[in-house]
2 protein chains.
Amino acid sequence: MESKVYSAEESGGPKGFTDRELDIMSVLWREGSGTVVEVRGALGEEVGYTTVLKMLQILEEKGAVGHEREGRAYRYYPLVESVRAGGRALSRIVNKIFHGSAERLLATLVEDREFTAEEIARMRAILDRAKRRRDAE
Amino acid sequence: MESKVYSAEESGGPKGFTDRELDIMSVLWREGSGTVVEVRGALGEEVGYTTVLKMLQILEEKGAVGHEREGRAYRYYPLVESVRAGGRALSRIVNKIFHGSAERLLATLVEDREFTAEEIARMRAILDRAKRRRDAE
DNA sequence: GAATGTCAACGACAATCTTCGTACGAAGCC
DNA sequence: GGCTTCGTACGAAGATTGTCGTTGACATTC
């Protein structure tokens, strides 16, 4: 058997993803894994097969994904969690664009989108939970 | 007199900023404006003068900044608002990383940082305001 | 076993980004 | 006038991204 997941070492710098890279990571996060054909399909087949393959190879070199053999093809898996990537991206935005103010980020977020009453309630619940956690210390 | 602000046309695609570009935009947003020397100073002088100048010229070509003459030097101004850039960056993250769920984004945000009671209160106020605005329609 | 189809690997290519070195012009100084 | 200094403009070099075409290895099918 040979279900080992090959991957490049996740060395020093976990930089952000470019647009195309993010497209591909988004598919892998959503679906859990994917072959080249599957990822390309999820992207609407607007890019060539070899392009998707190349991007996956680049992402693998960066340590963002790994692969294992599945029949004749490779199945790729994300190696960085979406939440961690999201956290880094958010940090960057808060610091560089909103000058460290998460409030301003939230204000922009709620201004740009329409939320249902339920969504707002759940977001409040998230804050309340954070507050209780904070107060408990 | 010649206080006109020269700028490239802000044509179609206002894409995101790369890391270095964001560094520079961040300075301009925070300070309001800056000469090459000032921006470079704010960046800790870790990059060469001509590098900063070049980046500003590229940003100008993209329509992100404009400049006017000040003595012998140029003073650069941001032409895109930080809030708009932030909104675009947030959209990208919500869609590609959090699969469209602003709640999950918020959850990640509050998990990654420590907030004071006041901050949490103000963030709740932001949500309450959004809710009232929503209910009023 | 020859043709066809599937799939990864390799390498090429253009487009950025990021970094500067060098050149060039204008202002001030001696 | 000539020198130095301050500042921009130009262009080049290396790295990375993103796009494929082509090739070659295996399987499948006739």
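The figures here come from the full heavy-atom set of this structure, side chains too, leaving out hydrogens, waters and symmetry mates. Since this is a predicted model, take the numbers as computed values, not measurements. Numbers restart at 1 for each chain; the letters A, B, ... are given by sequence-line order, proteins then strands.
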- Using heavy atoms to find the nearest nucleotide of DNA chain D for B:T35 and A:G48 separately, return the residue whose nucleotide is more 5′. B:T35

- With a 4.0 Å cut-off on heavy atoms, is B:T50 in touch with a base, just the backbone sugar-phosphate, or nothing at all? base

- Partner of B:K54 by side chain to side chain contact (heavy atoms under 4.5 Å, CB included), out of B:T50, B:T51, B:I58: B:I58

- Remember a base hit wins even if backbone is also touched, and classify A:T51 as base, sugar-phosphate or nothing at under 4.0 Å, heavy atoms. base

- Message: Any side-chain to backbone donor/acceptor pair from B:W29 onto B:V80? Under 3.5 Å, distance only.
- Response: yes

- Item | Which nucleotide in C:dA9, D:dC20, C:dT18 has an atom nearest any side-chain atom of A:Q57 | C:dA9

- Ranking C:dT19, D:dT17, C:dA12 by distance to the side chain of A:K54, first place goes to C:dA12

- Given atom NZ of A:K62 and atom P of D:dA15, what is their separation to the nearest angstrom? 16 Å

- Message: Rounded to whole Å, how long is the line connecting atom CD of A:E21 with atom P of C:dT16?
- Response: 16 Å

- Message: I want to verify a distance call: between D:dT19, D:dG7, D:dA9, whose nearest atom is closest to the B:Y74 side chain?
- Response: D:dA9

- Atom CZ of A:R20 and atom C1' of D:dT16 are separated, to the nearest Å, by 16 Å

- Item | Heavy-atom donor-acceptor pair, B:R72 side-chain to D:dC6 base, under 3.5 Å | yes

- Item | B:L53 CG to C:dG21 P, straight-line distance once rounded to whole Å | 14 Å

- Sorted by first residue and then second, give each salt bridge (Lys or Arg N to Asp or Glu O under 4.0 Å) pair with at least one member in residues 92-103 of chain B; sequence neighbours left out. A:D19-B:R92, A:D23-B:K96, A:R122-B:E103

- Just how far, in rounded Å, is P of C:dC20 from CD of B:E45? 13 Å

- Item | Rounded distance in Å - CE (A:M55) to P (D:dT17) | 7 Å

- Item | Sidechain N-carboxylate O distance under 4.0 Å for A:D128, A:R132 | no

- Query: What integer distance in Å separates A:F17:CZ from D:dG18:C1'?
  - Reply: 16 Å

- Task: Check for a donor-acceptor pair, side chain of B:R40 on one end and backbone N or O of B:V47 on the other, with a separation under 3.5 Å.
- Result: yes

- To the nearest Å, how far apart are A:R40 CZ and D:dT19 C1'? 13 Å

